[in-house]
Amino acid sequence: MLVTIREGVTMGLSWNDRRIERRVKPGDGKPLKPFRWWQMTRRSLLSIALPVGGGLSATYTVEVKHGGDPESGVVRARLYRDGICEAESKLPARFPVPGGTIEVRRSEVGMRRCHFVADDGRETRLAPDPRSAEGRRMNFAREHPGASALIGAVSVVLLLIGVGLNLLQAAQPISEIPAIAESLGTFESPLRLPVWLNVTLGVGAALGATERAMRMRYHWLLDGGAGT
């Protein structure tokens, strides 16, 4: 059964939040399939236990298949309550649950956000399945915090390089637009990188964005500016 939206909470939402919530449709009632190792980069599973009244709690699990549905190719989030699909939505998604909502967003390379937002504004990130890419990255960070921090720093550097290259390469054709060229002049990029180096740096930026997606880290300039 789909959890109903509390009227008082809904009235306080922004227009965009209400629009996203209207995407939510009843689930098909099918059971949640177990996670398989070969789905590590293709499927995300994240869960949280929430009180549902009467001293009871329920486990809510969000499933995202990054390749999209086999029939339509549309990437959707599905919400399971104690292993049964009760709702689904296109992304970004905002599922009403007891005590708040579960917000789900993804980037081009993986998960961007999956948090329970309580009615009082407190946020809790859902816990990833330990066999998923997010779960394995979280376990690595817990067991090897130093190496994890270093990898995270390298990811940021790769993305900064990617953003810088994109800006330099975009500046020249933009400056050649007649109206801009007449008022500001044209810009000639000081960098002339060989194709192999451009490709290598582009792959590095993509890897950096993927690593950050496994930690559900996202910044509009870094991750969006690197083409993700």
Side-chain angles (χ1 to χ4, degrees), residues 1-14 16-107 110-139 213-216:
M1 180 179 67
L2 179 64
V3 178
T4 57
I5 303 174
R6 293 166 302 286
E7 183 176 356
V9 176
T10 304
M11 292 301 293
L13 298 178
S14 68
N16 188 56
D17 286 337
R18 290 196 297 271
R19 179 183 63 84
I20 292 174
E21 282 197 353
R22 285 196 293 269
R23 294 177 176 176
V24 177
K25 299 178 181 179
D28 56 16
K30 293 182 179 180
L32 179 65
K33 295 181 179 180
F35 197 94
R36 305 299 186 188
W37 66 266
W38 60 82
Q39 299 171 328
M40 187 171 63
T41 59
R42 296 163 44 200
R43 184 185 182 205
S44 294
L45 283 182
L46 304 103
S47 302
I48 189 171
L50 297 173
V52 293
L56 301 176
S57 65
T59 298
Y60 287 86
T61 300
V62 171
E63 176 191 53
V64 176
K65 296 179 180 179
H66 297 288
D69 292 338
E71 303 82 11
S72 63
V74 176
V75 180
R76 303 177 189 272
R78 289 180 171 83
L79 181 70
Y80 294 78
R81 173 172 168 160
D82 291 332
I84 301 298
C85 183
E86 72 166 25
E88 66 175 49
S89 173
K90 293 181 180 180
L91 293 174
R94 200 171 191 272
F95 295 109
V97 294
T101 57
I102 292 177
E103 298 181 354
V104 187
R105 293 178 179 269
R106 74 180 292 274
S107 68
M111 294 303 295
R112 171 174 167 179
R113 174 177 173 82
C114 192
H115 284 64
F116 167 69
V117 182
D119 290 337
D120 62 7
R122 291 180 295 109
E123 296 190 3
T124 305
R125 191 174 79 173
L126 275 66
D129 187 293
R131 294 162 294 184
S132 67
E134 297 87 359
R136 292 175 188 271
R137 182 64 180 86
M138 185 179 70
N139 290 337
M214 287 191 289
R215 293 183 290 132
M216 283 186 282

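All values derive from a computational prediction rather than experimental measurement.
Using a 4.0 Å cut-off between charged side-chain N and carboxylate O, E103 and R94 make a salt bridge. Salt-bridge check for R113 with E123: passed, with a basic side-chain N closer than 4.0 Å to an acidic carboxylate O.
Side-chain contact check for L91 versus R23: every heavy-atom pair is 4.5 Å or farther apart. Side-chain contact check for E86 versus F95: every heavy-atom pair is 4.5 Å or farther apart. Proximity of P128 to L46: side-chain heavy atoms (C-beta onward) are separated by under 4.5 Å at one or more points. In this structure the side chain of L79 reaches within 4.5 angstrom of the side chain of V97, judged on heavy atoms. Looking at S132 and L45, their side chains never come closer than 4.5 Å, going by heavy atoms from C-beta outward.
Listed by chain and number, the residues in a side chain to side chain contact (heavy atoms under 4.5 Å, CB included) with I84 are P31 (sequence neighbours excluded). Applying the salt bridge (charged side-chain N to carboxylate O under 4.0 Å, His left out) test to D82 and every residue at least two apart in sequence or in another chain returns nothing. Applying the side chain to side chain contact (heavy atoms under 4.5 Å, CB included) criterion to R131, with sequence neighbours excluded, gives F35, D129, R136.
With H66 as the partner, the side chain to side chain donor-acceptor pair (under 3.5 Å) test is satisfied by one option alone out of R42, R43, R106: R106.
Annotation for P98 and P51: closest pair CB-O, 3.6 Å, computed over non-hydrogen atoms. For the pair T61 and S47, the tightest heavy-atom approach, listed with the atom from each and the gap, is OG1-OG, 2.7 Å. Residues A77 and V104 come closest through the heavy atom pair CB-CG1, 4.2 Å. When all heavy atoms of S44 and M111 are compared, the closest pair comes out as OG-CG, 3.4 Å. Nearest heavy atoms, L126 versus H115: CD1-C, 3.8 Å.
A distance of 10.5 Å separates CD in E88 from CD in E63, rounded to the nearest 0.5 Å. Between I102 atom CD1 and C114 atom SG the span is 6.5 Å, to the nearest 0.5 Å.
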Given R125 and M138, is the side chain to side chain contact (heavy atoms under 4.5 Å, CB included) satisfied, shown in steps? CA-CA 12 Å; R125 191 174 79 173; M138 185 179 70; 4.2 Å; yes
